[in-house]
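Encoded as structure tokens, the structure appears first; notes follow it.
The shown structure was predicted, so the numbers you read here are calculated from the model rather than taken from an experiment. Both counts, for ligands and for their atoms, begin at 1 and track the order of listing. Positions are given from 1 along the sequence.
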Amino acid sequence: MIRTAVIPVAGLGTRFLPATKAIPKEMIPIIDKPTIQYIVEEAVDSGIEHIIFITGRNKSAIANHFDYHPELESHLREKNKLDELAGIRELVSRARFSFVRQNEPKGLGHAVLCARHLIGKDESFAVLLGDDIINSEVPALKQMMMVHDDKKAPVLALQEVSPEDVSKYGVVAGEYVSDTILKLSGLVEKPEPKAAPSNLAIIGRYILSYDIFGFIKETNMDTTGEIQLTNALRRYKEIYGLLFQGKRYDAGNKLDYLRATVELALERPEFREPFSAYLKNLCK
Ligand code: UTP
């Protein structure tokens, strides 16, 4: 069973400047919830009990968000705002949270390596990126856990992307072993469209074994000074990809962030009617 998830949040969020100058990009809300809360909820809904955040400077708001706030709680109690009180309490009590600092932003591979001392040698664990929000009936990580239970090997989340977008992602080669599962034979980080082995991109969900830490250590920095996780993943002898069911938004990209805000608002009963009427009017 997978009970631990690593969530790297140490990146600088430069695509979302100026908002991210003083606020972690993971704390920017979609409607009324910080993006990181959507990711944490997916993890705990999948059965995760321990979340390890890999953090950096200027990220203390994330630790505060996942901690009790006695002053706010007694204020809510006094004002009889019991639903709000239950909401903020529940979030904190659903998992244990640990925080590890990544002292320098040396890439996603390096960020994952920072969690090594908190992972058991025989333990498989999940990695979820704070940028990728996946809206699905069955949590995307849970879908991956089912594949992991069956194959007993690492699993990556995959999504088809348009050919002009492959250069933004890690891209895989592989053979279908079912309608939605591929046994992977190659992984390329940000290929030129012509050199891409497919249009199947790795999305920010991974189930990995402890071996990944050794692989990351053996992986050289790229020309930008970062250790890419994709390059370390290539060292696995057996690894699978899952085309998950669900819609994914890259919340670190401004256009996708807007889409996520509109589409997730339309799913909320209190907004559906007034907001769809508003949108119809706007588009006349
Ligand atoms: P990104 O490259 O998308 O995030 O990394 P970023 O660097 O914050 O954003 P931009 O591109 O400058 O706008 C993917 C994920 O890996 C984490 C980021 O926080 C993000 O969740 N990351 C990246 C780290 O934790 N450490 C790093 O050194 C790099």
Side-chain angles (χ1 to χ4, degrees), residues 4-30 34-43 51-63 65-66 97-119 125-134 140-141 156-159 161 165-171 187 189-190 201-206 208 212-213 216-217 219-233 248-258 260:
T4 305
V6 175
I7 307 187
V9 292
L12 297 175
T14 53
R15 285 176 296 157
F16 234 101
L17 281 167
T20 49
K21 187 178 169 202
I23 296 169
K25 76 170 169 186
E26 297 79 10
M27 289 303 295
I28 295 176
I30 293 184
T35 55
I36 192 69
Q37 189 171 331
Y38 290 87
I39 317 289
V40 166
E41 286 176 350
E42 180 191 324
I51 291 182
I52 303 167
F53 288 107
I54 310 299
T55 72
R57 263 173 289 280
N58 293 330
K59 299 281 178 167
S60 53
I62 297 175
H65 191 68
F66 293 97
F97 299 97
S98 302
F99 298 85
V100 179
R101 286 282 282 252
Q102 183 189 20
N103 300 327
E104 293 173 274
K106 286 200 224 152
L108 181 57
H110 179 257
V112 171
L113 184 59
C114 294
R116 186 172 63 148
H117 63 291
L118 294 173
I119 304 286
F125 63 99
V127 175
L128 296 96
L129 298 195
D131 280 347
D132 281 326
I133 291 183
I134 301 177
L141 182 61
L156 314 181
L158 301 179
Q159 187 185 45
V161 296
D165 281 341
V166 288
S167 58
K168 298 180 191 154
Y169 295 91
V171 177
L187 295 99
E189 179 65 9
K190 300 192 173 76
I202 305 170
I203 300 308
R205 303 285 183 274
Y206 311 74
L208 304 174
I212 193 66
F213 299 121
I216 294 170
K217 281 184 148 187
T219 302
N220 293 327
M221 278 185 183
D222 66 9
T223 48
T224 66
E226 295 199 344
I227 301 177
Q228 300 298 343
L229 184 61
T230 308
N231 294 339
L233 292 172
R248 170 250 179 184
Y249 305 95
D250 175 2
N253 166 293
K254 290 176 191 173
L255 185 58
D256 236 22
Y257 169 81
L258 266 179

Any non-hydrogen atom of His110 lying under 4.0 Å from ligand 1? no
Find all atoms of ligand 1 within a distance of less than 4.0 Å from any non-hydrogen atom belonging to Lys106, and give their numbers and elements. 28 (O)
Atom 6 (P) of ligand 1 protein-contacted (non-hydrogen atom, under 4.0 angstrom): yes
Look at atom 28 (O) of ligand 1 and say which protein heavy atom is nearest, naming residue and atom and giving the distance to 0.1 Å. Gly107 N, 2.8 Å
So if I count the atoms of ligand 1 from 1 in the order they appear, which ones are less than 4.0 Å from some heavy atom of Gln102? 24 (C), 25 (O), 26 (N), 27 (C), 28 (O)
Using a 3.5 Å cut-off on N or O atoms only, is Phe16 in polar contact with ligand 1? no
Considering only heavy atoms of Lys25, which atoms of ligand 1 have at least one such atom less than 4.0 Å away? 3 (O), 4 (O), 6 (P), 8 (O), 9 (O)
Less than 6.0 angstrom separating the ring centers of Phe125 and Phe213, yes or no? yes
Is a side-chain donor or acceptor of Lys25 paired with a backbone partner of Thr14 at a separation under 3.5 angstrom? no
Of all the non-hydrogen atoms in the protein, which one sits nearest to atom 25 (O) of ligand 1, and at what distance? Ala10 N, 2.9 Å
What about the rings of Phe66 and Phe99, do their centers lie closer together than 6.0 Å? no
Could you check whether any side-chain heavy atom of Ser98 comes within less than 4.5 Å of a side-chain heavy atom of Leu118, counting everything from C-beta outward? yes
Between Arg205 and Ile39, is a side chain to side chain contact (heavy atoms under 4.5 Å, CB included) present by the stated rule, with each step listed? CA-CA 10 Å; Arg205 303 285 183 274; Ile39 317 289; 3.9 Å; yes
Where Ile202 and Tyr169 come nearest, the two heavy atoms and their spacing: O-CD2, 3.8 Å
Which residue and non-hydrogen atom of the protein lie closest to atom 1 (P) of ligand 1, and at what distance in Å? Asp131 OD2, 4.0 Å
Any Glu104 heavy atom less than 4.0 Å from ligand 1: no
Show, in sequence, the C-alpha distance, side-chain angles and deciding distance for Leu229 and Ile212, and conclude whether the side chain to side chain contact (heavy atoms under 4.5 Å, CB included) test is met. CA-CA 9 Å; Leu229 184 61; Ile212 193 66; 4.2 Å; yes
Kindly give the heavy-atom pair with the smallest separation between Gly56 and Arg101, and that separation in Å. C-NE, 3.8 Å
closest protein heavy atom to atom 8 (O) of ligand 1 is Gly13 N, 2.9 Å
Using heavy-atom distances, let me know which of Cys114, Gly225, Gly11 sits nearest atom 19 (O) of ligand 1. Gly11
Ligand 1 to Thr14, heavy atom cutoff 4.0 Å, flagged ligand atoms 10 (P), 12 (O), 13 (O)
Within the 4.0 Å heavy-atom shell around Leu108, which atoms of ligand 1 are there? 16 (O), 29 (C)
May I ask you to check whether over 12 heavy atoms, not counting those of Lys217, lie within 6.0 Å of atom NZ? no
Closer than 4.0 angstrom, basic N to acidic O: yes or no for Asp250 and Arg15? yes
Which heavy-atom pair separates Val100 from Cys114 by the least distance, and what is that distance? CG1-O, 3.4 Å
heavy-atom search around atom 13 (O) of ligand 1 in the protein gives Arg15 N, 2.7 Å
Under a 4.0 angstrom heavy-atom cut-off, which atoms of ligand 1 come close to Pro105? 28 (O)
Here the atoms of ligand 1 under 4.0 Å from any heavy atom belonging to Glu26 are 19 (O)
Any side-chain heavy-atom pair from Thr20 and Leu12 closer than 4.5 angstrom? no
Those atoms of ligand 1 less than 4.0 Å from some heavy atom in Gly130: 21 (O)
Students should be able to answer this: which protein heavy-atom is nearest to atom 21 (O) of ligand 1, and at what distance? Pro8 O, 3.1 Å
